[in-house]
Protein chains: 4
Amino acid sequence: MGAVKTKRMPRAVREQQMLDAAVRIFGQRGYMAASMDEIAELAGVSKPLVYLYLNSKEDLFTACIRREASALTEAVRRGVRQGPSADRQLWDGLLAFFTHTARHPDGWSVLHLQARTHGEPFAAEVTAMREEIVAFVTELIAVAARDAHRDPHLPEREVAGLAEALVGAAESLAAWANATPGVTARQAAATLMNFAWAGLGDLMENRPWPVPPVSSADGD
Amino acid sequence: MGAVKTKRMPRAVREQQMLDAAVRIFGQRGYMAASMDEIAELAGVSKPLVYLYLNSKEDLFTACIRREASALTEAVRRGVRQGPSADRQLWDGLLAFFTHTARHPDGWSVLHLQARTHGEPFAAEVTAMREEIVAFVTELIAVAARDAHRDPHLPEREVAGLAEALVGAAESLAAWANATPGVTARQAAATLMNFAWAGLGDLMENRPWPVPPVSSADGD
Amino acid sequence: MGAVKTKRMPRAVREQQMLDAAVRIFGQRGYMAASMDEIAELAGVSKPLVYLYLNSKEDLFTACIRREASALTEAVRRGVRQGPSADRQLWDGLLAFFTHTARHPDGWSVLHLQARTHGEPFAAEVTAMREEIVAFVTELIAVAARDAHRDPHLPEREVAGLAEALVGAAESLAAWANATPGVTARQAAATLMNFAWAGLGDLMENRPWPVPPVSSADGD
Amino acid sequence: MGAVKTKRMPRAVREQQMLDAAVRIFGQRGYMAASMDEIAELAGVSKPLVYLYLNSKEDLFTACIRREASALTEAVRRGVRQGPSADRQLWDGLLAFFTHTARHPDGWSVLHLQARTHGEPFAAEVTAMREEIVAFVTELIAVAARDAHRDPHLPEREVAGLAEALVGAAESLAAWANATPGVTARQAAATLMNFAWAGLGDLMENRPWPVPPVSSADGD
DNA sequence: AATGAATGAGTCTTCATTCAT
DNA sequence: GATGAATGAAGACTCATTCAT
């Protein structure tokens, strides 16, 4: 059942087994619905051992979030090769991102759905990771503008909104790709590049979409 | 506390009070952490009455999702005026969407965060709503293509991915706008139009971003 | 088992049943060794009901202490008749005290043994009761001195020590009388009056026992 | 922390370290709240070693009680010098008693509070010690009577009650002296001698306090 | 002589849910 | 139409205790 029940293993190994089990249960059931009993059973150990090593449900969840966040950012970092143009770097990052989330759907669920739904201690962990990625994307936009010798004249909040939108689109596509059989990471990345890159290009060339004036019918 | 405790009111009214309370509690605490006790108290009724009217926690949650989903789609529908160009219609829809989510943060939390985090019975409800919106967006893209007398040659799956990305970006921006003081619905909508419309335009003119060939270093 | 299992009784009654059961279990097993399960079973109700009415094990224990402390001080108060001489009042009080503790051994165990052994929240409750009794005894000593038109010249700390000793002796005798078959409350009270009253008399006549000087052999 | 962690020491020494730690923890937390984990850590050894040497929590607690009881009776025995008058011997014994309890508050807590609060196996240990002390006090009273060439005519049970009262008063004063800053062992002993000796004298001279007749108002 | 690894059993506590009135 | 009274089931967490080395 779950992991093979091997006795007496070094602490570090057991701890990883527990985290594996926890990510799976948390990812599938959600934080609150997950029971420590089930996690312990899937890990092939008794409940007290889980508590001995990981202290509490909260701590265990935090440990899961940290491990999965590290794994994801590390995967993206490894995927992005230095040197190429900004759009190529974005492509590389997206490809790594979609590949990783497809391979670790429970980890992605923990980060994307569960951690954000359960209050500050946890949401903060993900926010940290997200901000790292948003910063990376923001930097790419800036680089692209510099490469083209153009001054995008984009106010900071606008850039933050764009990065947020791009990351949100990526997150959404990851869930979609996971749920739709036959959609590969490459296809998801291509869809997003098509969707986003031209818009960014236009913006940087100061050709924004013309926002209409406020109308009396805008209300709720 | 919450609703004024008035005795003997028609069933429909009481039911709405209960749903109001439930949406608030579910939105703030999450499905599992919300307790029927708290909901009943906030609604100003006794717990058995909640069960009499709404059967179970699951049914209550489902009723919340349905009501909030209807309210949101209805708001968007009302916001979109027939006649104008496709991009103007998209703008109108986004504006209505951002306005509504900003005004009903607990309802939005129920739809966006809570319902998707708790398995099939609930996620399906949201998926239905989402598909309606995705269909609306897809239709707009098709209309835009027709209006321009161009044949976008976009395969169906590609369009689905684009719509998914657009909706995901919108959802993400809604959360961002709610969490960032000073960001208005108009600003969020403008950011997204800028981000998305040019990309769609390029696509429809058959100028996609050139996807690089598969590399041996793509793996995880 | 324990109380007859009658269904649907008013809250106040059930609460007393629970306190009865709790005093018995706490008195016999001690605070920590007592289990809420056992208390609920003895009270003839389910555990959740105990929690609904009394919140927590701590609160339940505190409620027990308060009830038993009130009952004891009330019994002593009722036993002491105004008017008579100070020694007669002390006799009356002791008789009431020993009678009550003999009739409510579990309550006395809760107050004397259990409450003092488990940290501040609880010990403080008993200390309050004890101080009330010590104050009563102290007052009696003062009255006795005044009645005899003597000035005892007893420093305040000395009086506190005497009262403490008397109360301690009484507490100890109560336990002894409870544990020794055939010892009545009157006998316990008589023993203590004999033991204590002459010493107090001598003190008030300024004939203290002559304390020897400090010796080098006093150490441990 | 606690004992210095030195490896490979003779069993007897290790055992004392464990008992030191156990007395401290038991004295401060109480029997049930004390955890073997904490005791082992404070003793600077691993838990299995504690079990190897002392078998179980019960046995460990019993060993603590025995050691502290021996230490206390031994201290009193050493304090009492042969030869002097009976009251001087009582004074010596009390002084030794208050001095020892002040120096070993955890040990005293184990004997006075914890051991008596947790059922027969433990209470019996303390009772044995207590009886030894009561016998000593009883003997002193008898000696005093003989010295004065008087026959006290005290029934055995009466003497037992008196000794119980005296010991109870002493115990109570020990706790009071420990808790009240500035009260020395000498002061506590003096208070108790004043309180008790005259009463005992009166009794031996056949001048007991006149117990009133049974009244109809005595009931509870 | 000593310990890191591991657990069965039990504790307090909470929650969704239902009678009886 | 509405509720005070009550509970079965389950969940987080802890502890005394032992095995294998």
Is the cationic atom of A:Arg11 (NZ for Lys, CZ for Arg) positioned less than 6.0 Å from the six-membered ring centroid of A:Tyr53 and within 45 degrees of its normal?
yes
Euclidean distance, atom CE of residue C:Met9 to atom P of F:dT7 [Å, nearest integer]
12 Å
Classify the nucleic acid contact of C:Arg11 as base, sugar-phosphate or nothing, counting any heavy atom under 4.0 Å across all strands shown.
sugar-phosphate
Write down the distance between CG (C:Leu49) and P (E:dC15), rounded to a whole number of angstrom.
16 Å
Going by atom types alone, do B:Arg29 and B:Gln114 pair a side-chain donor with an acceptor below 3.5 Å?
no
Just the rounded figure in Å: distance from P of E:dC12 to CZ of C:Phe61.
13 Å
Please report, rounded to the nearest Å, how far the C1' atom of E:dT3 is from the OH atom of D:Tyr53.
13 Å
Drop me the distance from B:Leu60's CG to B:Leu19's CG, to the nearest 0.5 angstrom.
6.5 Å
How far apart are the closest heavy atoms of C:Phe26 and C:Ala34, and which atoms are they?
CD2-CB, 3.5 Å
In the structure I gave you, are the side-chain heavy atoms of C:Asp20 and C:Arg24 within less than 4.5 Å of one another anywhere?
no
Using whole Å, what does the distance between atom C1' of nucleotide F:dG1 and atom CG of B:Leu52 come to?
8 Å
Side-chain N or O of D:Arg14 closer than 4.0 Å to phosphate OP1/OP2 of E:dA2
yes
Please determine, for the side chain of A:Ser46, which listed nucleotide (E:dT3, F:dT7, E:dT7) has the closest atom?
E:dT7
Helical bend (five base pairs per end, nearest 10°) for the helix from E:dA2-F:dT21 to E:dT21-F:dA2
30°
Once base and sugar-phosphate atoms are separated, protein heavy atoms under 4.0 Å mark nucleotides 16-21 of chain F, 5' to 3', with B, S and - as SBBB--
Whole-Å distance separating the CG atom of B:Leu60 from the P atom of E:dC15:
16 Å
Rounding to a whole Å, what distance do you find between C:Leu54:CG and E:dT13:C1'?
14 Å
Flag side-chain contact, heavy atom, 4.5 Å: D:Trp108 against D:Glu68:
no
Establish, for the pair B:Lys57 and B:Tyr31, whether the NZ or CZ atom is under 6.0 angstrom from the six-membered ring centre and no further than 45 degrees off its axis.
yes
Reference residue D:Glu125; test salt bridge (charged side-chain N to carboxylate O under 4.0 Å, His left out); the match among D:Arg116, D:Arg66, D:Arg130:
D:Arg66
In whole angstrom, what separates A:Glu15's CD from E:dA6's P?
11 Å
dist C:Leu111:CG -> C:Leu72:CG (nearest 0.5 Å) comes out at 6.5 Å
